[in-house]
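These notes are about the structure you will find just below.
Everything quoted here is computed from the prediction, not taken from an experiment. Residue numbering restarts at 1 for every chain, and letters A, B, ... go by the order of the sequence lines. The analysis underlying the following values was restricted to heavy atoms, covering all of them including side chains, and did not include hydrogens, waters or symmetry mates.
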There are 2 protein chains.
Amino acid sequence: MSDPDFWMSARREHRLVFLLNVAHRRLQRWIAAQTQQSGVTAAQSGLLFVLGQRDGVLMGEAGAALDLGPPGISGLVDRMTAANLIKRRADPDDGRAWRLWLTPAGRAALAQSKAGLAEVNARLTAGFSEAEIDVVARWLTSLQSKFPKGEDE
Amino acid sequence: MSDPDFWMSARREHRLVFLLNVAHRRLQRWIAAQTQQSGVTAAQSGLLFVLGQRDGVLMGEAGAALDLGPPGISGLVDRMTAANLIKRRADPDDGRAWRLWLTPAGRAALAQSKAGLAEVNARLTAGFSEAEIDVVARWLTSLQSKFPKGEDE
DNA sequence: GACATTTATTTCGCATGCGAACTATCTACA
DNA sequence: TGTAGATAGTTCGCATGCGAAATAAATGTC
């Protein structure tokens, strides 16, 4: 075939969706490989970061912080609880709610994740100026209002 | 909590990974909702586009075009074959290989996807200049070499 | 106080896509 | 020719995360 990237030569408006998709998967795959020894995935380190800032947060709050719906955060918490990274404790004031807490292992994993993220970020920004990265960040952020979830319209 | 986006105020180097992740999911979710009636998902329309340009492509070639590994393209083809969007026919010259062909239903779905993608692209680029979109596209593309798959190093 | 509504979380079935291991076929080389 | 190695796909188990529906507890209303 000798033209493995003919997709890339497709019409301009087709590319951004594809590029975003590929970039996302490349990054996820990379992080998964990097954190293989620690056993923590990209999504899991996201929750570790949240708890690092606000230990004891409600599940729903953690989900909102990570832009995850109820099933997403529920599954993530299940896996991380099974891996002994976090603990789930009932909220004393609300029988429906659960609060999430880092375990010692979770704290250690968070420290490792922080170091790994520094490396990832260095790669993410390499070759681009501050101003360009700001454009990128602004564009990525803009997608949240352009493609709202549910009733946000 | 009244501060649902405290994650967003995290250190600057933590944000791009998160923003990319969220942007990707928002977009996927949006496309899934839009194409609900046609029953075609974002990943599936990707393969439709590839076949629209090169009907009869090898599975491996389609996977390369979409940046999918063997299991990824295999599963996608399974689902799309079951949905009668594409057909899998043995390559006459290579007993290991299969070639993919659009069905009439697949062609119709492709036409619908093209229209939908125009709408998506309008949103993706809204509020940003050509030059800014170019920066974004260049940045997204750069991730492919910064986070290579496997042995590419 | 009882009942309707809202809210927090879980469960189910699904699509996506990965790495590792497997099967089948083809190619090259001795 | 015969066998070692490369190549095309498949399968398995997993993580991720969605929408829809269920469960359970809190809240508001009459």
Side-chain angles (χ1 to χ4, degrees), chain A residues 1 21-36 39-47 57-64 66-83 85 88-100 147 149-151, chain B residues 1 21-36 39-47 57-64 66-83 85 88-100 147 149-151:
Chain A
M1 184 86 349
N21 189 352
V22 172
H24 171 257
R25 280 186 290 109
R26 289 290 185 106
L27 185 54
Q28 292 295 117
R29 195 192 298 154
W30 174 269
I31 294 177
Q34 292 308 105
T35 60
Q36 199 168 346
V40 176
T41 66
Q44 292 178 10
S45 54
L47 183 49
V57 85
L58 291 175
M59 282 186 60
E61 290 168 347
L66 297 169
D67 198 57
L68 292 177
I73 189 67
S74 188
L76 188 59
V77 165
D78 280 350
R79 291 185 295 273
M80 292 179 71
T81 300
L85 293 166
R88 200 189 338 222
R89 255 183 261 153
D91 185 300
D93 299 331
D94 189 333
R96 299 165 299 179
W98 297 86
R99 293 191 175 274
L100 304 175
F147 301 97
K149 50 197 309 188
E151 336 67 15
Chain B
M1 182 85 350
N21 189 351
V22 172
H24 171 257
R25 280 186 291 108
R26 289 291 185 105
L27 185 54
Q28 293 295 117
R29 196 191 298 152
W30 174 269
I31 294 177
Q34 292 308 105
T35 59
Q36 198 168 347
V40 176
T41 67
Q44 292 178 10
S45 54
L47 183 50
V57 85
L58 291 175
M59 282 186 60
E61 291 168 345
L66 296 170
D67 198 57
L68 292 178
I73 188 67
S74 188
L76 188 59
V77 165
D78 280 351
R79 292 185 295 274
M80 292 178 71
T81 301
L85 293 166
R88 201 190 335 225
R89 256 183 260 154
D91 184 301
D93 299 331
D94 189 334
R96 299 165 297 180
W98 297 86
R99 292 190 175 274
L100 304 176
F147 302 96
K149 49 197 311 188
E151 336 67 15

Margin query: How close do A:Ala43 and A:Leu76 get, counting heavy atoms only, and between which atoms?
Written below: O-CD2, 3.8 Å

Checklist line | Toward the 5' end of DNA chain D, by each residue's nearest nucleotide, A:Asp93 or A:Leu76 | finding: A:Leu76

Checklist line | A:Arg89 CZ to C:dA8 C1', straight-line distance once rounded to whole Å | finding: 19 Å

Margin query: My understanding is that only residues two or more places apart in sequence, or in another chain, count here; which of them pass side-chain contact (heavy atoms from CB on, under 4.5 Å) with B:Asp91?
Written below: B:Leu58, B:Asp93, B:Asp94, B:Ala97, B:Arg99

Notebook entry, point to check: How close or far is atom C1' of C:dT16 from atom CG of B:Leu66, stated in whole angstroms?
Noted result: 13 Å

Margin query: Whole angstroms only, please: what is the CG-P distance between B:Leu27 and C:dT16?
Written below: 14 Å

Note to self: Rounded to whole Å, how long is the line connecting atom CD of A:Gln34 with atom P of C:dG19?
What the structure shows: 12 Å

Margin query: For a quick test of reading the model, state the closest non-hydrogen atom pair linking B:Glu61 to B:Val57 and the distance between them.
Written below: OE1-CG2, 3.0 Å

Next item on the list: Starting from P on D:dC18, measure out to CZ on B:Arg26 and report it in whole angstrom.
Entry: 10 Å

Next item on the list: For B:Arg88, enumerate each residue passing the side-chain contact (heavy atoms from CB on, under 4.5 Å) test, keeping only those at least two apart in sequence or located in another chain.
Entry: B:Met59, B:Val77, B:Asp78, B:Thr81, B:Trp98, B:Leu100

Check: Contact class for A:Gln28 (heavy atom, under 4.0 Å): base, sugar-phosphate, or nothing?
Finding: nothing

Notebook entry, point to check: Taking only residues two or more places apart in sequence, or in another chain, which ones meet A:Asn21 in a side-chain contact (heavy atoms from CB on, under 4.5 Å)?
Noted result: A:Arg25, B:His24, B:Gln28

Next item on the list: Let me know the distance between CZ of A:Arg29 and C1' of D:dT16, rounded to the nearest Å.
Entry: 15 Å

Next item on the list: For B:Leu66 and A:Val22, work out which heavy atoms get closest and say how close.
Entry: O-CG2, 4.3 Å

Checklist line | Touch class at under 4.0 angstrom, heavy-atom based, for B:Arg79 against every strand present | finding: base

Check: Would you say A:Arg25 reaches C:dT16's phosphate, i.e. side-chain N/O to OP1/OP2 under 4.0 Å?
Finding: no

Item checked: the helix from C:dG1-D:dC30 to C:dA30-D:dT1: angle between end helix axes, five pairs per end, rounded to 10 degrees -> 0°

Item checked: Minimum heavy-atom distance A:Ala62-A:Ile73, with the two atoms named -> CB-CD1, 4.0 Å

Notebook entry, point to check: ring-ring contact (aromatic ring centres under 6.0 Å, His included) with B:Trp30: which residues, sequence neighbours excluded?
Noted result: A:Phe147

Check: Atom NE2 of A:His24 to atom P of C:dG17: distance rounded to whole Å?
Finding: 10 Å

Next item on the list: List for me each residue that meets side chain to side chain donor-acceptor pair (under 3.5 Å) alongside B:Arg79, sequence neighbours excluded, and say none if there are none.
Entry: none

Check: For A:Ile31 and D:dA15, what is the distance between atoms CD1 and C1' respectively, to the nearest whole Å?
Finding: 14 Å

Item checked: Distance below 4.0 Å between A:Asn21 side-chain N/O and C:dT16 OP1 or OP2 -> no

Next item on the list: Report, as a single string ordered 5' to 3', how protein heavy atoms within less than 4.0 Å touch nucleotides 6-12 of chain D: B base, S sugar-phosphate only, - not at all.
Entry: -BSSBB-

